[in-house]
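Only this structure's heavy atoms are used, side chains among them; waters, hydrogens and symmetry mates stay out. By convention in this document, chain letters (A, B, ...) are assigned in the order of the sequence lines, proteins followed by strands, and residues within each chain are numbered from 1. Please read all numbers here as calculations on a predicted model, not as lab measurements.
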Amino acid sequence: MSLPPAPADIFAHLRARIVEALRALLPEVPEEAFARVTVEPPREAAHGDMATNAALVVGKAAKQAPPKLAAALAEKLTALPEVTEASPAGPGFVNIRLDEGFIRAQLGVILAAGETYGQGAPRPGRINVEYVSANPTGPMHVGHCRGAVVGDALAALLAKAGHEVCREYYINDAGAQVQALAYAAYWRYLQALGTTLTEDEYAQLIPGGLQYRGDYLVPVGEALARHHGDALAETGTAHGPGLAGPDRWFATVRETTVAMMMDMIRDDLAALGVQHDIFISEAAMVAEGKLDAAEAQLNAQGLIYRGVLEPPKGKTPDDWEPREQTLFRATQFGDEVDRALRKSDGSGTYFANDIANHLGKIERGFDALVHVWGADHGGYVKRMQAAVAALSDRRVSLDVVLAQIVHVVKDGAPVRMSKRAGTYVTLRDLIDEVGRDAVRFTMLTRKADAQMEFDLDLVVQQSRDNPVFYVQYAHARCRSVLRAAGEPADLAAAPLDALTDPAELALIRRMAGWPRVVEAAAAAREPHRVAFFLNDLAGDFHLLWNKGREDSSLRFIQEGDPEGTRARLALVAATAAVIRSGLGVMGVAPVEEMR
RNA sequence: GUCUCCGUAGCUCAGCCGGAUAGAGCACCAGAUUCCUAAUCUGGGGGCCGUGGGUUCGAAUCCCGCCGGGGACACCA
């Protein structure tokens with residue numbers, strides 16, 4: 001009896017064998033009954049390599065007692081060459097022990113695939129992942145950073161799982177904030193021309209006051225002065241160059257400023273290694289009439305009406321008064337209240353523009369939409385899901401991943417964040433302080449919706465406490481061994497019988513679970529699972545390494561035993577490949593040595 | 001008041017579309033430590049999984065109530 005060829009995913013392989021066995025045992029049971037069958041490593045290693053709930057899940061449809069069905073299934077599975085033992089257990093589990101040669105053969109698969117190990121087969125359906133989408137009103141700060149990293153890693157994870165992914169940045173360049181930005185840039189322009197107005201005097205003259213006082217707008221003002229001279233200003237006033245009517249300068253200033261801010265943001269993103277495939281401008285979209293199109297479509301579906309909303313219960317704003325607005329029937333799609341599309345003055349709400357944006361995505365043919373938002377936008381999720389459901393006739397899904405606040409800590413004390421320029425931590429500051437890879441990895445060591453402390457001291461610390469270091473160190477150790485062995489070629493074909501130690505087999509089993517982790521993490525939209533997997537994998541490897549300190553027969557390079565050495569080097573090379581595969585998803589560069 | 005996320009070891013957190021005796025790191029205790037890369041290693045103690053009900057053969061996981069914490073709550077973006 002010879003083993004089957006090593007499969008790309010041993011869990012999927014076993015699941016397929018189990019379902020086949022069930023079909024043979026229960027020909028009258030419909031296929032849907034098998035959908036909930038899972039194969040996973042049992043918590044208790046003594047129970048074997050894998051366990052399946054098949055008999056428990058199918059028992060009802062088969063009208064059989066699970067323990068009895070489990071026994072029959074176990075007998076079938078025992079007949080498989082790759083299974084050395086299958087036994088019914090507990091209320092109806094089947095525990096499975098795999099042939100060690102079958103497990104070892106996974107190394108050949110890993111080495112043949114290299115860093116692409118874990119790559120899922122192409123799946124139907126295109127996914128749009130929107131992330132960052134910071135307002136183009138200034139440099140990126142740490143608050144944006146987590147969403148950027150989570151979004152980027154999630155997009156990579158979905159691609160790894162086999163999805164076709166589009167990475168999108170939505171530029172909020174149409175609202176009041178951008179208007180305030182233009183006025184702030186205009187102030188720097190007047191300064192560049194030599195106005196004698198003071199900052200406070202200027203702030204008095206403009207609507208809403210001077211909101212953006214950071215000096216990052218100085219270059220914008222200078223650029224405007226350089227290209228337009230004093231043509232955008234009122235000349236000959238008591239202050240020299242002064243405030244002119246908006247129609248003379250506003251469109252020009254706004255456009256230049258947004259473009260320069262986006263250049264700055266793109267530079268920040270590049271420093272973080274974050275990529276987007278497409279940038280969508282809110283202003284451009286409105287100009288194209290997308291808002292009207294979206295409203296017309298919803299109107300045609302009978303989902304729009306004029307009405308007055310109740311004040312929010314328990315907390316009525318001081319200036320609340322009943323106003324008639326154009327409303328969207330979000331309640332028909334699971335939201336608590338209907339939501340305003342147009343303000344009482346008839347202009348579109350931000351929500352309306354966002355609906356238009358989503359109509360655009362649906363029209364571009366995506367089957368699933370994913371957003372990464374700050375947790376402060378949590379209250380916005382239901383209405384957006386309602387809108388997407390309405391616009392797509394419930395065909396397109398919208399998942400929102402909420403990224404919680406990051407508290408930066410240094411020397412045990414919180415680093416203060418303030419919107420006033422100069423006192424807040426920019427993304428650049430953070431990258432300069434600890435490096436891009438430490439930032440990215442650390443941002444993924446916690447579930448996105450859990451608050452996180454970013455300890456500037458810890459992330460550069462070289463110790464077990466620091467997962468960035470721990471994982472990188474494992475990779476560096478692998479590389480060090482392979483260098484010492486003279487970078488052997490063709491390890492995928494190495495005979496592997498020498499790998500028999502429990503620690504060696506545990507390492508292989510861990511790596512064999514990587515495709516499964518990719519699939520599950522992608523389905524759950526949880527890129528942090530990759531960081532935890534790598535931490536566990538590094539732990540398995542360090543454990544084996546440390547055993548080699550005690551027991552020299554477990555060291556990787558064995559003088560006088562070329563075949564055993566090649567088997568171990570295959571194990572080491574596979575470990576390095578899987579770590580690189582995982583770091584690739586996280587966007588972290590593996591290191592060759594610790595320096 | 002409504003919605004939402006959270007509550008797991010002393011600390012920081014995994015596990016959650018139900019599955020067998022609930023995990024990791026740190027901290028603590030006890031040992032080891034002239035090692036392919038040093039930035040340690042091995043072992044141990046430690047838990048009414050916030051709480052009270054419910055569903056189920058089976059609940060940290062699903063449902064409802066309560067307690068405690070974060071966030072969001074017409075027209076802003």
>> If a pair means Watson-Crick or G-U wobble with both distances below 3.5 Å, what does RNA chain B look like in dot-bracket form, with | marking bases paired to a different strand?
In response: (((((((..((((.....[...)))).(((((.......))))).....(((((..]....))))))))))))....
>> In whole Å, measure the gap between the C1' atoms of B/G50 and B/G7 for me.
In response: 6 Å
> With sugar-phosphate meaning primed atoms plus P, OP1 and OP2, does A/E592 contact a base, only sugar-phosphate, or nothing at under 4.0 Å between heavy atoms?
Replying inline: base
> Closest nucleotide of RNA chain B for A/Y380 versus for A/R339: which of these residues is on the 5' side?
Replying inline: A/R339
>> Any side-chain N or O of A/K60 below 4.0 angstrom from OP1/OP2 of B/U56?
In response: no
> Quick one, which residues of residues 531-543 of chain A touch RNA chain B with a heavy atom under 4.0 Å?
Replying inline: A/F532, A/L543
>> Taking side-chain hydrogen bond (donor to acceptor under 3.5 Å, both in side chains) as the cut-off, I'd like each qualifying pair that reaches into residues 47-56 of chain A, sequence neighbours left out, listed once.
In response: A/T38-A/N53, A/D49-A/R509
>> Listing request: all salt bridge (charged side-chain N to carboxylate O under 4.0 Å, His left out) pairs with a residue in residues 441-451 of chain A, at least two apart in sequence or in separate chains.
In response: none
> Given the C1' atoms of B/U56 and B/C28, what is the spacing between them in whole Å?
Replying inline: 41 Å
> When rounded to the nearest Å, what value does the distance between P atoms of B/G25 and B/G43 take?
Replying inline: 10 Å
> Distance between the P atoms of B/G10 and B/G47, in whole angstroms?
Replying inline: 7 Å
> At under 4.0 Å between heavy atoms, what does A/E550 touch on the DNA or RNA strands: base, sugar-phosphate, or nothing?
Replying inline: nothing
>> Quick check on B/G25: is either OP1 or OP2 less than 4.0 Å from any side-chain nitrogen or oxygen of A/Y470?
In response: no
>> Using OP1 and OP2 only, check whether a side-chain N or O of A/R477 sits under 4.0 Å from B/A38.
In response: yes
> Under the 3.5 angstrom rule, does the side chain of A/Q558 hit a backbone N or O of A/S552 as a donor-acceptor pair?
Replying inline: yes
> Base, backbone or nothing for each nucleotide of nucleotides 26-31 of chain B, written B, S, -, heavy atoms under 4.0 angstrom, 5' to 3'?
Replying inline: S-----
>> Taking the C1' atom in each of B/A9 and B/G58, what is the distance between them to the nearest angstrom?
In response: 25 Å
Using the 3.5 Å cut-off, write out each protein N or O paired with an N or O of nucleotides 17-22 of chain B and the distance between them.
residue	atom	partner	partner atom	Å
B/A20	OP1	A/R43	NH2	2.5
B/A20	OP2	A/R43	NE	3.0
B/A20	OP2	A/R43	NH2	2.1
B/A20	N6	A/N95	OD1	2.5
B/A20	N1	A/N95	OD1	3.1
B/A20	N1	A/N95	ND2	3.1

> Residues in ring-ring contact (aromatic ring centres under 6.0 Å, His included) with A/H144, at least two apart?
Replying inline: A/H141
> On a whole-Å scale, what distance lies between the P atoms belonging to B/C49 and B/C5?
Replying inline: 23 Å
> Which pairs with one or both residues in residues 562-578 of chain A pass salt bridge (charged side-chain N to carboxylate O under 4.0 Å, His left out), sequence neighbours excluded?
Replying inline: A/E504-A/R568
> Going by modelled atom types, is there a donor-acceptor pair between the base of B/C35 and the side chain of A/R549 at under 3.5 Å?
Replying inline: yes
>> What's the separation between atom CD1 in A/I206 and atom CD in A/Q179, rounded to the nearest 0.5 Å?
In response: 9.5 Å
>> Give me each pair satisfying salt bridge (charged side-chain N to carboxylate O under 4.0 Å, His left out) with a member in residues 535-558 of chain A, each pair once, sequence neighbours excluded.
In response: A/D501-A/K547, A/R510-A/D536, A/R510-A/D540
>> Say we look at B/U33 and B/C41: how far apart would their C1' atoms be, to the nearest angstrom?
In response: 7 Å
>> If you assign each of A/A176 and A/M452 to its closest nucleotide in RNA chain B, which residue comes earlier from the 5' end?
In response: A/M452
Can you check nucleotides 4-6 of chain B for protein contacts, nitrogen or oxygen pairs under 3.5 Å, and list what you find?
residue	atom	partner	partner atom	Å
B/U4	OP1	A/K382	NZ	3.4

>> Counting only side-chain heavy atoms from C-beta out, which of B/U37, B/C16, B/C75 sits nearest to A/K343?
In response: B/C75
> Taking atom P in both B/A60 and B/G19, what distance in whole Å separates the two?
Replying inline: 10 Å
> Just checking A/H377: base, sugar-phosphate only, or nothing, at a heavy-atom cut-off of under 4.0 Å?
Replying inline: base
>> Checking A/F541 now: which residues fulfil ring-ring contact (aromatic ring centres under 6.0 Å, His included) with it, not counting sequence neighbours?
In response: A/F556
>> Suppose we screen for ring-ring contact (aromatic ring centres under 6.0 Å, His included). Which residues come up paired with A/H542, at least two apart in sequence or across chains?
In response: A/Y470, A/Y473
>> Is there, by distance only and without an angle test, a donor paired with an acceptor across the side chain of A/R483 and the base of B/U37 below 3.5 Å?
In response: yes
